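What follows is one structure encoded as structure tokens, with my remarks underneath.
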Number of protein chains: 2
Amino acid sequence: MRRDVFQALADPTRREIITLIARKPLTPNAVADSFDVSRQAISKHIKILTECGLLVIRPQGRERLYAVQPQKLGEVSDWLENFRTIWETRFDKLDTLLQNMDSPSNSDAI
Amino acid sequence: MRRDVFQALADPTRREIITLIARKPLTPNAVADSFDVSRQAISKHIKILTECGLLVIRPQGRERLYAVQPQKLGEVSDWLENFRTIWETRFDKLDTLLQNMDSPSNSDAI
DNA sequence: AATTTGCGCAACCAAATAGTTGCATATATA
DNA sequence: TATATATGCAACTATTTGGTTGCGCAAATT
């Protein structure tokens with residue numbers, strides 16, 4: 001069972017859950033109220049998000065409050081960071097490359 | 001068939017392909033050389049990456065050169081940006097929240 | 001012209017995913 | 001104590017995914 005942040009964020013419902021909980025910690029029932037699927041379906045999503053560390057749980061009486069662990073999103077951010085240079089400072093070069101790619105001398109110029 | 005950037009990045013092989021191609025545009029065969037799976041499996045991944053705009057293609061004779069479209073990663077970056085404030089400036093508050101979550105007055109303080 | 005090479009497409013398969021319903025358990029409340 | 005509520009777990013299902021093999025076609029090479 002793959003359980004990493006990227007895979008967890010692949011599902012749009014889970015991304016919405018994160019957005020929702022980021023505003024304020026919520027119980028599974030409270031989260032489920034915002035969606036059309038069953039409470040159990042939401043619970044499954046919450047479980048996945050918790051397993052990969054994007055949510056943390058704090059039992060409170062019979063309720064369970066879930067909160068986002070925003071630092072965990074840093075893993076994605078870090079990965080993206082590797083490409084930031086390319087897309088911010090070299091994408092003009094890439095354009096050039098794409099336009100001239102038929103001249104082999106440019107093919108490995110990036 | 002869901003075809004968005006988040007879903008495309010969910011697969012670790014696809015993330016590796018992006019890293020690889022980011023260095024320098026490559027043909028499917030060249031990419032496949034770096035992996036243990038079949039050329040067709042890689043071609044499928046490349047297709048998915050292309051369909052969601054993370055790769056662009058430039059036919060060159062009988063070869064097909066694929067290059068990353070790094071701007072497309074901006075979509076992920078933009079989404080993350082919504083949480084950056086939380087995880088950079090408020091994660092100390094979150095810690096406090098998590099530690100004191102049993103006192104209801106703090107539950108919605110984030 | 002015949003052959004080789006690069007690559008996409010189709011069909012198929014096992015495993016994972018996202019959903020469902022039903023049940024068990026723990027905490028609150030009457 | 002009995003009941004209601006919150007939530008997790010298990011079993012089941014349809015769909016999607018990631019992989020395979022085989023085929024066909026277009027471009028290069030002989």
Side-chain angles (χ1 to χ4, degrees), chain A residues 1-18 20-21 24-67 101-104 107-108, chain B residues 1-18 20-21 24-67 101-104 107-108:
Chain A
M1 217 178 291
R2 244 187 298 131
R3 234 15 126 217
D4 64 88
V5 182
F6 287 93
Q7 198 262 340
L9 293 180
D11 187 276
T13 302
R14 284 197 286 269
R15 291 200 298 277
E16 282 187 61
I17 291 176
I18 289 179
L20 205 58
I21 294 187
K24 151 180 152 176
L26 292 173
T27 65
N29 271 337
V31 173
D33 285 343
S34 299
F35 296 89
D36 276 341
V37 296
S38 69
R39 175 188 63 80
Q40 286 87 340
I42 296 298
S43 263
K44 272 189 169 188
H45 284 307
I46 288 180
K47 189 182 181 192
I48 289 169
L49 291 169
T50 305
E51 279 176 1
C52 80
L54 279 167
L55 296 182
V56 287
I57 187 183
R58 179 84 183 189
Q60 198 164 31
R62 79 178 149 186
E63 295 191 337
R64 286 158 163 267
L65 224 41
Y66 287 88
M101 212 182 269
D102 25 21
S103 51
S107 309
D108 51 3
Chain B
M1 216 178 293
R2 243 188 298 132
R3 236 14 128 216
D4 65 87
V5 182
F6 287 92
Q7 198 261 340
L9 293 181
D11 187 275
T13 302
R14 285 198 287 270
R15 291 199 298 278
E16 283 188 60
I17 291 176
I18 290 178
L20 204 59
I21 294 187
K24 150 180 152 176
L26 292 172
T27 65
N29 271 336
V31 173
D33 285 343
S34 299
F35 295 89
D36 275 341
V37 296
S38 69
R39 175 187 63 81
Q40 286 86 340
I42 296 297
S43 263
K44 273 189 169 186
H45 284 307
I46 288 180
K47 189 183 182 191
I48 289 169
L49 291 168
T50 304
E51 279 174 3
C52 80
L54 279 166
L55 295 183
V56 287
I57 187 182
R58 178 84 183 188
Q60 198 165 29
R62 82 179 147 183
E63 296 192 337
R64 286 158 163 265
L65 224 40
Y66 287 90
M101 212 181 266
D102 25 22
S103 52
S107 310
D108 51 3

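Being a predicted model, the structure only gives us computed values, none of them experimental. The sequence lines fix the lettering, A, B, ..., with proteins before strands; numbering per chain opens at 1.
- OP1 or OP2 of dG8(D) has at least one side-chain nitrogen or oxygen of S43(A) nearer than 4.0 Å.
- Rounded to whole Å, the distance from CG on D4(B) to P on dT17(D) is 10 Å.
- The C1' atoms of five pairs define one axis at each end of the helix from dA1(C)-dT30(D) to dA30(C)-dT1(D), and these two axes lie 20° apart (to 10°).
- The distance from atom CD1 of I42(A) to atom P of dT21(C) is 14 Å, rounded to the nearest whole Å.
- The phosphate of dT5(D) has neither OP1 nor OP2 within less than 4.0 Å of any side-chain N or O from N29(A).
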Side-chain donor-acceptor pairs of residues 37-50 of chain B under 3.5 Å, sequence neighbours excluded:
residue : atom : partner : partner atom : Å
S38(B)  : OG   : A41(B)  : N            : 3.1
H45(B)  : ND1  : R14(B)  : NH1          : 3.0
T50(B)  : OG1  : I46(B)  : O            : 2.7

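- Ranking dA18(C), dT7(D), dG18(D) by closeness to the D11(B) side chain, first place goes to dG18(D).
- OP1 and OP2 of dA6(D) both lie 4.0 Å or more from every side-chain N or O belonging to R64(A).
- T27(B) contributes atom OG1, which lies 7.0 Å from atom CG of L65(B) (distance to the nearest 0.5 angstrom).
- Pairing each heavy atom of R15(A) with each of L9(A), the nearest pair is NH1-O, 2.6 Å.
- Distances shorter than 4.0 Å separate some side-chain N or O of Y66(A) from OP1 or OP2 on dG8(D).
- Proximity of a side-chain donor or acceptor of R3(B) to a complementary backbone N or O of C52(B) within less than 3.5 Å is not detected.
- For dG6(C), the base has no donor-acceptor partner in the side chain of Q60(B) [N/O atoms by modelled type, under 3.5 angstrom].
- For S38(B), a side-chain nitrogen or oxygen approaches OP1 or OP2 of dT20(D) to under 4.0 Å.
- When the nucleotides dG18(D), dG19(D), dG8(C) are ranked by their closest atom to the side chain of P28(B), dG8(C) comes out on top.
- For H45(B), a side-chain nitrogen or oxygen approaches OP1 or OP2 of dG19(D) to under 4.0 Å.
- Atom CD of E63(B) and atom C1' of dC25(D) are 16 Å apart (whole Å).
- Taking for each of T13(A) and G61(A) the nucleotide of DNA chain C with the nearest heavy atom, the 5'-most of the two is the partner of T13(A).
- With hydrogens and angles left out, the side chain of K44(A) and the base of dG19(C) share a donor-acceptor pair within 3.5 Å.
- The separation between Q40(A) atom CD and dA10(D) atom P is 14 Å, rounded to whole Å.
- Smallest separation of non-hydrogen atoms from P28(B) and Y66(B): CG-CE1, 3.5 Å.
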**Steps toward side-chain contact (heavy atoms from CB on, under 4.5 Å) verdict (I17(A), T13(A))** = CA-CA 6 Å; I17(A) 291 176; T13(A) 302; 4.2 Å; yes
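- Rounded to a whole Å, the CD1 atom of I57(B) is 15 Å from the P atom of dG6(C).
- Rounding to whole angstrom units, CZ of residue F6(B) and C1' of dT17(D) are separated by 20 Å.
- In terms of polar N and O atoms assigned as donor or acceptor, the side chain of R62(B) comes within less than 3.5 Å of the base of dT5(C) in a complementary pairing.
- Within the model, atoms CG of D11(A) and CD of E16(A) stand 9.0 Å from one another, a figure rounded to the nearest 0.5 Å.
- In this structure, CG on L20(B) lies 5.5 Å from CG on L26(B), to the nearest 0.5 angstrom.
- Between the side chain of R39(A) and the base of dG8(D), a donor-acceptor pair under 3.5 Å is found.
- When the P atom of dT16(D) is taken as reference, atom NZ of K47(B) falls 15 Å away, rounded to whole Å.
- For the pair D36(B) CG and dG18(D) C1', the computed distance is 15 Å after rounding to whole Å.
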